[in-house]
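Everything below concerns the one structure shown next.
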Amino acid sequence: MTEPTFTTLVSRWYTQHARDLPWRRPEVGAWAILVSEVMLQQTPVARVVPSWTDWMARWPTPADLAAEPPAEAIRMWGRLGYPRRAVRLREAAVAIVERHGGQVPNRLEQLLALPGVGTYTARAVAAFAYGQRHPVVDTNVRRVICRAVAGKPDAGPTTRPADLVAAEELLPAEPAAAALASAAFMELGAVVCTARSPRCGSCPVASICAWRASGEPAPTGPTRRPQRYAGTDRQVRGLLLEVLREATAPVPQQRLDQVWADDTQRFRALAGLVNDGLVEQVNEASFRLAGDGPPILVR
DNA sequence: CAGCCGTGGTG
DNA sequence: TCACCAAGGCT
């Protein structure tokens, strides 16, 4: 049983060139790994590092975070984007305390049941925190395998079961080596085999890359429609949340009205924030981050 | 499953 | 400059 040359080369490259990221240090536990993986969902590494450091200093265990209201998590999230992740991460911490005695679960099924934890994150925690042999497939891994192994210019927009199978077939049999290989695939895609201008000159598998061998064909299929931001509800949500994050007292609706002129869209965005558990209405005319103060009395 | 959900760096 | 993009998840 010989390991594929591709996997061996990428793994060897990783052991020599891996970036020194704080959540990769040997002493970090599963909670720290989970926090990093959630923060890294659609957010670049460079912006995550300082936020992760602050977050772990304040909430070293799931129980520490579970004891806080959502407002504290939302503020600590800062400007990482997609702040629903902060709410879900806190909900995951609550679930970890209630269902798993405060310890991040190690079974894939239990991880998948946590809020904000999907196929990628569950496998990443199982592999990187617990050393289990699971394929860990993100956009980087799909791109790397698609190019180097399949010879196609780019992977599809979503992770499919076939992508997990393709990744699994490249993993060494030994669990620890498999986890390292997954990290190596991700690192290669993030640093060398990037989406726009791959640095094939510094790629450890350039000599056996199927994509290079076929002349580096450009993507042909329909490119994914760009996600607009300006003028969308997401922008309005961001503006509303920015005001609420910085507030130290309930914010009068009149002040929220100033962030966006369109009444219909502003109301829809605010209602969405409330629906997502990010914001709560204090009374007829004021709002605040969820749990940002004494409980609201209801009769 | 296509669309939605933030933000800031960059080629 | 301004589209594109960055370790996804959820409905």
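Basis for what follows: all heavy atoms, side chains included, without hydrogens, waters or symmetry-related copies. Sequence lines set the chain letters: A, B, ... in the order given, protein chains first and strands last, and positions in each chain run from 1.
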So does A/R228 have more than 12 non-hydrogen atoms from other groups sitting under 6.0 Å from CZ?
-> no
OP1 or OP2 of B/dT7 sitting under 4.0 Å from any side-chain N/O of A/R245?
-> yes
Does A/T43 make a side-chain donor-acceptor contact with the base of B/dG6, cut-off 3.5 Å?
-> yes
Describe the nucleic acid contact of A/L80 in one word from base, sugar-phosphate, nothing, applying a heavy-atom distance below 4.0 Å.
-> base
Check every atom of C/dA7, B/dG6, C/dG9 against the side chain of A/W23 and return the nucleotide holding the closest atom.
-> C/dA7
Can a side chain N or O of A/Y120 be found less than 4.0 Å away from OP1 or OP2 on C/dG9?
-> no
Would you please confirm or rule out a distance under 4.0 Å between OP1 or OP2 of B/dG6 and any side-chain N or O of A/R237?
-> yes
Would you call A/L80 and A/R85 a side-chain contact if the rule is heavy atoms closer than 4.5 Å?
-> yes
Give one of base, sugar-phosphate or nothing for A/D276, where a contact means two heavy atoms less than 4.0 Å apart.
-> nothing
Relative to the 5' end of DNA chain C, which residue comes earlier, A/L114 or A/L40, by the nucleotide with the nearest heavy atom?
-> A/L40
Upstream residue (5' side of DNA chain B) when A/S197 and A/Q41 are each assigned their closest nucleotide | A/Q41
For atom P, what is the distance between B/dG6 and C/dT11, given to the nearest Å?
-> 14 Å
Reckon A/V38 touches a base, only the sugar-phosphate, or nothing at all at heavy-atom distances under 4.0 Å?
-> nothing
Please work out if A/I33 contacts a base, only the sugar-phosphate, or nothing of the nucleic acid, heavy-atom cut-off 4.0 Å.
-> nothing
Beyond-backbone contact of A/R237 with A/L270, side-chain heavy atoms, under 4.5 angstrom | no
Can you figure out which of B/dT7, B/dG11, C/dG8 approaches the side chain of A/R196 most closely?
-> B/dG11
Test for a donor-acceptor pair under 3.5 Å between the base of B/dT7 and the side chain of A/R47, counting only N and O atoms.
-> yes
Does A/T121 place a side-chain N or O at less than 4.0 Å from the phosphate oxygens OP1/OP2 of C/dG9?
-> yes
Nearest to the side chain of A/A195, which nucleotide is it out of C/dA6, C/dA7, B/dG6?
-> C/dA6
N/O donor-acceptor pair under 3.5 Å between A/W52 side chain and A/M56 backbone = no
Have A/T194 and A/R199 got a donor and an acceptor in their side chains that come within less than 3.5 Å?
-> no
Check whether any side-chain nitrogen or oxygen of A/R85 sits under 4.0 Å from OP1 or OP2 of C/dG9, and answer yes or no.
-> no
Which part of the nucleic acid, if any, lies within reach of A/R19 when heavy atoms closer than 4.0 Å are counted: base, sugar-phosphate only, or nothing?
-> base
Nearest-Å distance for atom pair OH/P, residues A/Y229 and B/dT10 = 19 Å
In whole Å, what separates the P atom of B/dT10 from that of C/dA7?
-> 14 Å
Take A/V117 and A/V45, find for each the nucleotide of DNA chain C with the closest heavy atom, and name the residue whose nucleotide sits nearer the 5' end.
-> A/V45
Sticking with atom P, work out how far C/dC4 lies from B/dG3, rounded to a whole angstrom.
-> 16 Å
Is any side-chain heavy atom of A/V35 closer than 4.5 Å to a side-chain heavy atom of A/W59?
-> no
Which part of the nucleic acid, if any, lies within reach of A/R123 when heavy atoms closer than 4.0 Å are counted: base, sugar-phosphate only, or nothing?
-> nothing
To the nearest angstrom, how far is A/M186 atom CE from C/dA6 atom P?
-> 13 Å
Mind checking A/S36 for me? I need base, sugar-phosphate or nothing, with any heavy atom below 4.0 Å counting as a touch.
-> nothing
Taking OP1 and OP2 of C/dG8, is either one under 4.0 Å from a side-chain nitrogen or oxygen of A/Q42?
-> yes
Pairwise side-chain contact, A/R245 with A/L289, heavy-atom cut-off 4.5 Å (strictly under) = yes
A/R234 (side chain) and B/dG6 (base): donor-acceptor pair under 3.5 Å = yes
Touch class at under 4.0 angstrom, heavy-atom based, for A/W77 against every strand present | nothing
Between B/dG6 (C1') and A/E242 (CD): distance, integer Å | 11 Å
Tell me what A/G118 touches on the nucleic acid: a base, only sugar-phosphate, or nothing, going by heavy atoms under 4.0 Å.
-> sugar-phosphate
